[in-house]
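This structure is a prediction, so every number in the text was calculated from the model and none was measured.
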Amino acid sequence: MSAGCITTCRLSSYYPYSVADSPAAIRSFNLKFQHNEKNGTHGRYRASLIMNPESFEVGRLIGSYGFMNVTSYSDFQSRPDIDSPSQLEDVGGLKFQDVREGNVQIRLYEGRVAQGPRRGTPIIFKVYPGKQIGGLEADMMASNELKSHAFLQSCSQSICQNILILLGGFETKTGEQWLAFRNDGKYSAADYAKVSSEKLSRNRAPGEQRFWNPFEEETDIKRKRSFIIKLLQGVLSGLAYMHDNERLHQSLGPSSVVLNTMVDKDAAYLVPRLRDLAFSVDIRFSSLEENSYGLSEGLWRRARSSGAFNPMEKRAFGIADDIYGAGLLFAYLAFIPFCEAGIVDSLSLQRLIESTFKLDLTATREYCLADDRFSEAVKFLDLGDGAGWELLQVMLNPDFRNRPIAEAVLNHRFLTGALL
């Protein structure tokens with residue numbers, strides 16, 4: 001995985017104003033990829049993007065987040081504090097990743113389209129800092145995200161409903177890149193898991209009056225299972241669309257999935273959408289034959305270390321790497337919403353699976369089965385005689401060659417909903 005997201009929300013009053021009236025003077029839409037892209041199908045789609053900054057109104061700041069970057073993957077020979085291979089095994093695999101907060105801090109604003117045929121359409125602005133603050137990386141990420149959305153939105157007559165829709169964007173004189181996305185939800189899968197876990201804690205708190213009877217509790221759990229299955233179906237549908245059109249996501253996680261509702265009983269209306277395509281990678285063979293630098297450098301370094309050297313092997317590794325990320329997201333959604341707040345978080349769960357049990361999901365299940373705090377998560381994955389554990393195991397297979405494609409994951413009996 002190239003990166004993960006951490007979200008810190010800040011709220012401010014809503015004062016709508018035209019982008020043209022903002023303190024920083026705006027110049028016309030001029031993101032770097034426009035100068036470099038050859039004319040093609042996504043070039044035709046660009047004509048429908050809103051490029052005039054005066055066409056937008058900006059509302060309140062609704063949040064911000066940064067990216068956690070994995071900047072190195074050390075082996076034990078390069079670590080002077082490791083004396084032997086046996087000591088290496090005792091330290092988890094995560095211990096050897098240099099994980100640090102990236103320099104790029106993203107801001108999110110509400111807004112709307114102010115003129116034209118889409119007038120009144122609510123939007124979310126994603127603002128990348130200028131080069132002076134975010135460095136070259138911020139420019140690369142903004143350009144890549146815009147290019148990836150434009151390409152995917154031009155790949156077929158119908159746009160995939162499980163990928164966030166880009167409506168346009170612009171660049172300020174200070175170099176900030178403003179991307180405008182249709183507002184199809186302000187919540188993320190991380191928000192859902194947090195709210196669900198906190199609700200469970202409140203209902204089980206000592207001294208608190210329980211407002212439900214055992215039948216209502218059972219109904220609530222069934223609704224939660226259905227919601228999570230629908231959420232995962234949407235994620236894998238979006239990922240399958242990307243892979244079918246030769247794009248990797250490479251930043252898949254709880255914060256990169258937008259939800260239009262967080263209410264379990266509204267699962268029938270849930271439409272999950274993938275966002276955060278800043279690290280998306282073009283896996284067309286013509287691109288794979290070029291030098292692998294920039295945002296995808298870490299991916300191809302890991303591909304080489306796994307024995308993937310030629311373009312076909314690199315493409316297969318990239319797709320399998322996305323599936324692994326989807327597997328970790330699956331594990332997150334199978335545990336966090338079913339556990340009380342503070343019992344487990346994404347990093348500790350990943351350590352448990354990767355470092356403690358070395359991707360052995362049978363051993364992971366035995367461990368969790370002995371801890372009552374994980375009982376509902378275990379029951380969820382036990383559906384269909386352990387179908388959930390079975391799917392997790394293949395998605396997290398240590399050998400990338402043995403991981404399924406997204407379409408196969410979608411067709412697995414655990415995700416078809418037949419077991420609910």
* Charged tip of K224 within 45° of F338 ring normal and under 6.0 Å -> yes

* Can you check whether L295 reaches M141 side chain to side chain, under 4.5 Å on heavy atoms? -> yes

* Side chains of D282 and F151 in contact at under 4.5 Å (non-hydrogen atoms) -> no

* Asked: Less than 6.0 Å separating the ring centroids of W178 and Y128?
  -> no

* For R365 and D382, what are the C-alpha separation, side-chain angles and deciding distance, and is it a salt bridge (Lys or Arg N to Asp or Glu O under 4.0 Å)? -> CA-CA 9 Å; R365 180 189 180 277; D382 276 351; 2.9 Å; yes

* Asked: What pairs meet the ring pair (Phe, Tyr, Trp, His ring centres under 6.0 Å) rule with one or both residues in residues 227-248, with sequence neighbours excluded?
  -> Y192-F227

* Structure fact -> So ring pair (Phe, Tyr, Trp, His ring centres under 6.0 Å) across residues 245-268, not counting sequence neighbours, yields none

Are [X] and [Y] ion-paired here, with the side-chain N under 4.0 Å from a carboxylate O?
X: K358; Y: D360; result: no
X: E246; Y: R284; result: no
X: D184; Y: R273; result: yes

* Asked: Testing L49, N144, L277 for side chain to side chain contact (heavy atoms under 4.5 Å, CB included) with H149, which one passes?
  -> L277

* Under 30°, 30 to 60°, or over 60°: which ring-plane class applies to F414 and F330, parallel, tilted or perpendicular? -> tilted

* Scan for side-chain hydrogen bond (donor to acceptor under 3.5 Å, both in side chains) pairs involving residues 411-420, sequence neighbours excluded, and state none if there are none. => E390-H412

